[in-house]
Amino acid sequence: MNYWLLKTEPNAFSLDDLKEAGVEPWDGIRNYQARNIMRDEMSVGDKVFIYHSRIQPVGIVGEGRVASESYTDPTQFDPSEKYHDAKSDPANPRWSLVDIEYVATYPQVLLLTDLKKMPELDGMVLTRKGSRLSIQPVTEQQWNFIQTLVAGS
DNA sequence: GCCAACGTTGGC
DNA sequence: GCCAACGTTGGC
């Protein structure tokens with residue numbers, strides 16, 4: 001069992017959208033590090049925090065789980081798609097994705113500004129300055145600690 | 001909307 | 001294979 005954090009811009013796709021969809025292909029990831037995590041490291045059943053970026057309040061808003069093995073992201077081959085990648089070879093696709101299933105909406109947003117103040121989360125990728133990775137690892141300790149913040153309030 | 005930090009591209 | 005220029009991310 002591994003733990004991850006997925007960033008999303010609620011303008012484009014929010015936790016509520018995921019709740020409504022139930023399961024959603026996490027497409028449009030065009031960063032090699034993030035792709036490698038989905039393609040090589042994620043397994044069905046892994047737990048993920050859903051994080052809203054850009055729009056206030058910025059923070060962790062809920063939880064999902066990995067619902068499929070990785071497969072080719074079809075949007076890379078569709079010229080009408082925002083995430084079309086003309087340089088991706090269909091015989092050797094560049095970009096992969098996994099399906100993400102909705103699990104829960106937390107009763108309150110766990111604000112980035114608060115998370116940054118917590119010594120237990122020192123070294124978390126999310127709280128690192130300049131970290132832009134949209135799919136990032138969360139340790140079991142970090143996951144469990146953040147769960148206590150949800151349960152305790 | 002600004003801009004620092006980061007990732008990618010492409011000329012050499 | 002270096003690195004400047006460019007584009008993007010994302011907190012503020």
Side-chain angles (χ1 to χ4, degrees), chain A residues 2-21 24-42 46-66 70-139 141-143 145-150 153:
Chain A
N2 285 307
Y3 305 92
W4 313 98
L5 181 144
L6 308 187
K7 289 182 186 172
T8 185
E9 282 201 38
N11 270 352
F13 189 79
S14 69
L15 180 62
D16 281 344
D17 294 331
L18 179 62
K19 183 177 184 178
E20 205 175 306
E24 180 78 8
W26 210 257
D27 60 16
I29 301 297
R30 296 294 179 266
N31 170 284
Y32 289 106
Q33 235 182 311
R35 179 209 62 184
N36 291 347
I37 288 174
M38 288 196 295
R39 197 186 57 184
D40 307 330
E41 298 187 51
M42 279 185 173
D46 281 359
K47 295 183 172 184
V48 302
F49 287 126
I50 304 296
Y51 174 92
H52 280 176
S53 67
R54 286 293 256 142
I55 299 297
Q56 293 297 327
V58 166
I60 294 171
V61 290
E63 190 177 319
R65 65 184 279 278
V66 176
S70 67
Y71 58 97
T72 300
D73 182 344
T75 63
Q76 68 195 301
F77 300 124
D78 182 348
S80 69
E81 270 284 343
K82 181 184 171 192
Y83 298 113
H84 177 236
D85 182 354
K87 292 181 185 163
S88 183
D89 174 6
N92 185 21
R94 270 191 190 179
W95 306 113
S96 303
L97 56 72
V98 296
D99 291 342
I100 297 295
E101 179 184 359
Y102 173 84
V103 171
T105 302
Y106 293 153
Q108 84 283 21
V109 178
L110 307 176
L111 300 172
L112 177 65
T113 50
D114 290 338
L115 298 176
K116 276 182 171 172
K117 290 177 198 153
M118 297 174 181
E120 291 86 347
L121 301 179
D122 279 357
M124 193 178 178
V125 177
L126 182 69
T127 57
R128 227 173 267 165
K129 189 185 170 197
S131 170
R132 293 178 6 184
L133 197 55
S134 59
I135 295 184
Q136 41 179 269
V138 174
T139 67
Q141 289 78 9
Q142 290 161 356
W143 180 275
F145 175 73
I146 291 170
Q147 290 300 325
T148 68
L149 302 177
V150 177
S153 44

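The figures that follow rest on heavy atoms only: side chains count, while hydrogens, waters and symmetry mates do not. Per chain, numbering begins at 1; letters A, B, ... match sequence-line order.
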Chemist: Taking NZ, NE, NH1 and NH2 as the nitrogens, is one of them in A/Asp85 or A/Arg94 under 4.0 Å from a carboxylate oxygen of the other?
Modeler: yes
Chemist: What integer distance in Å separates A/Leu111:CG from C/dC12:P?
Modeler: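 From A/Leu111 CG to C/dC12 P: 11 Å.
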Chemist: Mind checking the CG-CD1 spacing from A/Asp17 to A/Ile50? Nearest 0.5 Å is all I need.
Modeler: 11.5 Å
Chemist: Determine: side-chain N/O of A/Lys87 to OP1/OP2 of B/dG10, distance under 4.0 Å, yes or no.
Modeler: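 For B/dG10, OP1 or OP2 has a side-chain N or O of A/Lys87 closer than 4.0 Å.
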Chemist: Can you tell me if A/Asp16 and A/Ser14 form a side-chain donor-acceptor pair at under 3.5 Å?
Modeler: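 The criterion, which ignores hydrogens and geometry beyond distance, is not satisfied for A/Ser14 and A/Asp16.
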Chemist: Between A/Arg54 and A/Arg94, which has a closest nucleotide on DNA chain B that is more 5'?
Modeler: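 Its nucleotide being nearer the 5' end, the pick is A/Arg54.
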Chemist: Between C/dG10 atom P and A/Leu112 atom CG, what is the distance in whole Å?
Modeler: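 Between P of C/dG10 and CG of A/Leu112: 12 Å.
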Chemist: Can you tell me how far P of C/dG7 sits from CG of A/Asn31, to the nearest Å?
Modeler: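 One finds 18 Å between P of C/dG7 and CG of A/Asn31, rounded.
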Chemist: Give the rounded distance in Å between these two atoms: CD of A/Gln56 and P of C/dG10.
Modeler: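 In whole Å, C/dG10 P and A/Gln56 CD are 14 Å from each other.
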Chemist: Find the distance A/Tyr83:OH to C/dT8:P and express it as a whole number of Å.
Modeler: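 It is 12 Å, rounded to the nearest whole Å.
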Chemist: Return the CG to CZ distance between A/Asp122 and A/Arg128, rounded to the nearest 0.5 Å.
Modeler: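 Separation between the atoms: 10.5 Å.
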Chemist: Taking atom types as modelled, find out whether A/Ser53 and A/Arg132 have a side-chain donor-acceptor pair closer than 3.5 angstrom.
Modeler: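 On atom types as modelled, these side chains do not qualify, holding no pair under 3.5 Å.
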Chemist: Starting at CD1 of A/Ile135 and ending at P of C/dG10, how long is that distance when rounded to a whole Å?
Modeler: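 In whole Å, C/dG10 P lies 11 Å from A/Ile135 CD1.
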Chemist: When you measure from every atom of DNA chain C, which of residues 113-132 of chain A have a heavy atom less than 4.0 Å away?
Modeler: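 Those residues whose heavy atoms fall under 4.0 Å from DNA chain C, taken from residues 113-132 of chain A in numerical order, are A/Thr113, A/Lys116, A/Arg132.
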Chemist: What is the separation between atom CD on A/Glu9 and atom C1' on C/dG11, rounded to the nearest whole Å?
Modeler: 12 Å
Chemist: Given B/dT8, B/dG7, C/dG11, which nucleotide is nearest the side-chain atoms of A/Tyr32?
Modeler: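 Output: B/dT8.
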Chemist: Would a distance-only check, ignoring hydrogens and angles, find a side-chain to backbone donor-acceptor pair under 3.5 Å from A/Gln136 to A/Leu133?
Modeler: yes
Chemist: Is the distance between the ring centroids of A/Tyr32 and A/Trp95 less than 6.0 Å?
Modeler: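 Aromatic pair counts; centres sit under 6.0 Å.
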Chemist: Report the distance from atom CG of A/Asn11 to atom C1' of C/dT9, rounded to the nearest whole Å.
Modeler: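 In whole Å, C/dT9 C1' lies 14 Å from A/Asn11 CG.
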